[in-house]
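Remarks on the structure that follows.
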Amino acid sequence: MFELKLKSGIVPLKWGTWAMRRACELAGTKETPLPLEDFFGSLLGSAYDFRKIAIFLQSAAECAARGPVEYTEFDFGDWVDECGGILAKDGPMIDFFQYVVNTTVNTVTPLPGEQNVEQTIDEKKNNVVEGS
């Protein structure tokens, strides 16, 4: 569990398998969720935008609450602003994304015969953090 500490209080955020599924739903169309492979590309890529950030926050908030939350994109925007904006290199928002990456890496197990996926994910994660 991750606690996003804001002036207005603490928002619990949880990342795991259910949150990944929910993020794929939110990022896809109503009929077709985003494929998990594309989700990982989004997670590890450097092209973050507000919509992606809102999807991560909504998915993690719903996972922590074990259901729908009353937060809106306006709330997510306020949270990002309070944490220094989308491009902030330090602070609670980047800590949240590091938590997401760490939790995702710990959840995903390479299949037998695959190359060292964990090393590749760690290398991409380092590039995202350094290139933020």
Side-chain angles (χ1 to χ4, degrees):
M1 184 83 69
F2 181 87
E3 293 182 335
L4 183 62
K5 295 177 177 128
L6 302 169
K7 292 175 189 170
S8 58
I10 295 174
V11 179
L13 302 171
K14 181 180 178 190
W15 196 259
T17 302
W18 188 91
M20 280 189 279
R21 182 196 65 82
R22 181 66 174 135
C24 287
E25 271 181 5
L26 293 171
T29 65
K30 197 169 196 170
E31 299 81 28
T32 309
L34 182 71
L36 193 55
E37 178 181 358
D38 294 342
F39 168 79
F40 283 114
S42 172
L43 174 66
L44 299 172
S46 59
Y48 284 110
D49 61 27
F50 177 71
R51 182 172 180 269
K52 289 179 186 178
I53 291 171
I55 287 169
F56 279 98
L57 291 170
Q58 181 176 347
S59 301
E62 288 180 3
C63 189
R66 301 189 66 83
V69 294
E70 294 185 18
Y71 304 122
T72 68
E73 286 192 357
F74 292 107
D75 296 311
F76 304 140
D78 288 345
W79 299 353
V80 171
D81 291 343
E82 188 174 325
C83 294
I86 292 175
L87 300 177
K89 292 182 181 182
D90 295 311
M93 200 55 59
I94 197 70
D95 292 343
F96 167 67
F97 281 102
Q98 288 175 333
Y99 158 77
V100 169
V101 169
N102 290 340
T103 303
T104 302
V105 169
N106 291 334
T107 303
V108 177
T109 306
L111 296 173
E114 286 187 343
Q115 64 177 349
N116 189 348
V117 173
E118 288 182 20
Q119 180 181 0
T120 304
I121 290 173
D122 284 341
E123 289 170 359
K124 288 184 179 181
K125 176 184 75 172
N126 290 335
N127 289 339
V128 170
V129 172
E130 291 170 5
S132 300

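The chain is numbered in sequence order, starting from 1.
- In this structure, the side chains of M93 and L57 come closer than 4.5 Å at one or more pairs of heavy atoms.
- For the pair L4 and C83, the minimum side-chain heavy-atom distance is below 4.5 Å.
- Between A19 and C63, the shortest heavy-atom contact is CB-CB, 4.0 Å.
- Counting heavy atoms from C-beta outward, T104 and W15 have side chains that approach closer than 4.5 Å.
- In this structure, the side chains of E73 and F50 come closer than 4.5 Å at one or more pairs of heavy atoms.
- Residues satisfying the salt bridge (charged side-chain N to carboxylate O under 4.0 Å, His left out) criterion with E82, sequence neighbours excluded, are absent altogether.
- Linking Ile, Leu, Val, Met, Phe, Trp and Tyr residues whenever their side-chain heavy atoms come within less than 4.5 Å leaves I55 and V80 in two separate clusters.
- One hydrophobic cluster, built from ILVMFWY side chains closer than 4.5 Å, holds both L36 and F56.
- The hydrophobic clustering, which links ILVMFWY residues whose side-chain heavy atoms are closer than 4.5 Å, places F76 and L26 apart.
- Atom CG of L6 and atom CG of D81 lie 11.0 Å apart (nearest 0.5 Å).
- Of all heavy-atom pairs between L34 and A27, the closest is CD2-CB, 3.7 Å.
- When all heavy atoms of A65 and V69 are compared, the pair lying nearest together is CB-CG1, 3.7 Å.
- Every pair passing salt bridge (charged side-chain N to carboxylate O under 4.0 Å, His left out) that includes a residue from residues 3-26 is listed here, sequence neighbours excluded: R21-E25, R22-E25, R22-E62.
- Applying the ring-ring contact (aromatic ring centres under 6.0 Å, His included) criterion to F96, with sequence neighbours excluded, gives F2.
- Between the D75 side chain and the T72 main chain, a donor and an acceptor come within less than 3.5 Å of each other.
- Closest approach of V11 and Y71 over heavy atoms only: CG1-OH, 3.8 Å.
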